[in-house]
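Here's the structure, in structure tokens; my notes come after.
If you read the sequence from its start, that first residue is 1, and numbering goes on from there.
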Amino acid sequence: QVASGLGRWWRGSADCGSHRVSPPIAMPPHVPDGAPGTPAEYLHAHQRVGNDDKLLFAFIDWLLPHLRLKQAQNTVRWDDFWHLFKSDGTMGWDAFEKFLRWDCKLNARRLFDLLDEQGSGRISSHTVLELRRQYIRIIDCRHLGLDDLKAILLRKYGNLLRAWRLLFDPEQRGRCSHAVYVRGCKEVGFHGDLKCAWSELTDGEIHRPMYIQDLDPAGDRMMSDFTSALKKYYGSPKDGWYAILRAHGAFGKMTPESFERVCSDMGFGAKFARKVFGFLDLDLDRTVSLDEWDFLLLWEKRMGKDDQETSAGGRANVGGPPSRSKNNWQSAVDEGGPGSALEFLVVLTKEEHKEYLARLREFEARGSKPRSATKQTDSMQRSSVRAPAAQLADPWVPLA
């Protein structure tokens, strides 16, 4: 009689049509040596509770992870474990503990006691096979929901925000339709209840799209805090992102160590920095670049909407012209006045810079500087011969 209480782990019992997986705990035919003196005491000592059922469930899940995740078959651990049984179909504690010692974090002693139903100090292959069969029946009968979908996404992508960017919102619009959600779930091999999971994601509002905060509320708050800090310390999130890449990056990219120092300067801890860096590192190359601003832009837009709602709620603008907030460019022009000097920052890759230098040398080799538009007009009026095209060259104009 194996895995007697495993069915109770899933909401009391697992229903599959008219079949009900909930076998009772059987009385052993005899009391083994070293066990409590009466059958009642033996039964009480081996009675399972909810945590024991979870432990058995986790053990089979560790041996055969592909069963629950509906992925490609992976029986390496199961084969290695099965080869440890002797010719009589039993395994002792030493072999069992040695197998689980390095790679498994479950309680090996408690697992062995649960599998050793007769208290003989050895577990049988028949017991393990029955436990596996019952585990498969429960997996087939249960309805996979949102928690199981998140578990699959975490195993495949590392964090939920990376899963959002690659699977549900590759165009970085900040929302995901139901059709894209269904296609993404099928792509990662999720065969659970899509309708139930979608209802959980949208809080019952099944006709609206899904947003980042629906899939990962904690990650969304962390990204919002990071964007707010950029605005606080640098004036705007975009200026802040470009400033930290210019000050702490190299060739437009930043490493995890540099990003951690930036977050520390803004008052965030190392754990926060590592998680946010994982959200931004889309291709897992341990660097973040200027291109990640397209993802951060989602939170800047949300902050802009919140600021507009706050300003609109503070004072009503009745009968007056519509108020328009100035951006950084307009503020800089107004503060400097006419004729003020403005600084432009042009970010070029190595290839772009090399091409620019080549065109600049080509331009210098052709002769003098190009004449102004006024001189060209006067020359054209005095002579019917047009100026050579080489004199009007520009380093940024494609070469003929």
Under-4.0 Å salt bridge between Glu355 and Arg359 | yes
Just say parallel, tilted or perpendicular for the rings of Phe59 and Phe81, cut-offs at 30° and 60°.
-> perpendicular
Can you tell me if Asn159 uses its side chain to pair, donor with acceptor, with the backbone of Gly278 under 3.5 Å?
-> yes
Please check if the side chain of Asp169 supplies one atom and the backbone of Gly174 the other of a donor-acceptor pair under 3.5 Å.
-> yes
With Phe268, which residues qualify under ring-ring contact (aromatic ring centres under 6.0 Å, His included), at least two apart?
-> Phe272
Are Asp225 and Ser228 linked by a side-chain donor-acceptor pair shorter than 3.5 Å?
-> no
Kindly state each residue pair satisfying salt bridge (Lys or Arg N to Asp or Glu O under 4.0 Å) with at least one member in residues 263-288, sequence neighbours excluded.
-> Glu257-Arg286
Pairs in or reaching into residues 171-182: which pass salt bridge (Lys or Arg N to Asp or Glu O under 4.0 Å), with residues at least two apart or in two chains?
-> Glu171-Arg173
Check whether any side-chain heavy atom of Phe279 sits under 4.5 Å from a side-chain heavy atom of Val288, and report yes or no.
-> no
Among all residues two or more places apart in sequence or in another chain, which pass the side-chain hydrogen bond (donor to acceptor under 3.5 Å, both in side chains) test with Ser258?
-> Thr255, Arg261
Could I get the full list of ring-ring contact (aromatic ring centres under 6.0 Å, His included) partners for Trp198, not counting sequence neighbours?
-> His178, Tyr181
Which residue pairs satisfy the salt bridge (Lys or Arg N to Asp or Glu O under 4.0 Å) criterion with at least one member in residues 196-220, sequence neighbours excluded?
-> Glu205-Arg208, Arg208-Asp214, Asp220-Arg302
